[in-house]
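The structure under discussion appears below in the form of structure tokens.
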Amino acid sequence: KALNIWGKGYDWLGIIYFALCYLKLIILDKPLPDDNKWQKDNRYFCTEYVAHLTGENYSMKSPAAILNSWLASNKNG
């Protein structure tokens, strides 16, 4: 799966949408949406790459949230 992504372009629209939604979260206390409406299927940024590899939807999760979730699920071994 990782090699299918190798050389793909960076998803600039996806990261801009994520950043705008994150600002709304900070400033207006609006929750993040479940999906990234501007992401492109043939382009990736870090969390979309993890989603592609794991089959989970991480398009609107920060790398820290993904790591915290992973650590919590693997806490007991």
Side-chain angles (χ1 to χ4, degrees):
K1 283 186 173 184
L3 291 178
N4 294 339
I5 298 174
W6 190 264
K8 299 284 183 179
Y10 197 77
D11 191 357
W12 290 108
L13 287 177
I15 196 67
I16 290 169
Y17 182 81
F18 180 84
L20 290 173
C21 290
Y22 201 76
L23 285 173
K24 285 183 186 178
L25 172 70
I26 293 169
I27 296 168
L28 304 173
D29 200 29
K30 290 193 175 212
L32 290 173
D34 291 331
D35 295 310
N36 189 321
K37 295 180 173 141
W38 294 358
Q39 74 183 16
K40 301 285 185 195
D41 289 339
N42 61 342
R43 298 183 179 273
Y44 297 91
F45 60 93
C46 56
T47 57
E48 291 175 329
Y49 184 76
V50 171
H52 179 77
L53 293 177
T54 63
E56 298 290 329
N57 180 2
Y58 292 125
S59 65
M60 291 303 294
K61 303 253 189 261
S62 71
I66 293 169
L67 181 60
N68 285 337
S69 175
W70 183 81
L71 289 172
S73 68
N74 291 298
K75 185 177 182 180
N76 295 322

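In this chain, residues are counted from 1 in sequence order.
- In this structure, I16 CD1 and W12 CH2 are separated by 8.0 Å, a value rounded to the nearest 0.5 Å.
- Looking only at side-chain heavy atoms (C-beta outward), Q39 and Y17 stay at 4.5 Å or farther from each other.
- The shortest heavy-atom contact between D11 and W38 is OD1-O, 4.1 Å.
- The CZ atom of F18 sits 10.0 Å away from atom CG of L23, with the distance rounded to the nearest 0.5 Å.
- Separating the CG atom in L25 from the CG atom in L20 is a distance of 12.5 Å, to the nearest 0.5 Å.
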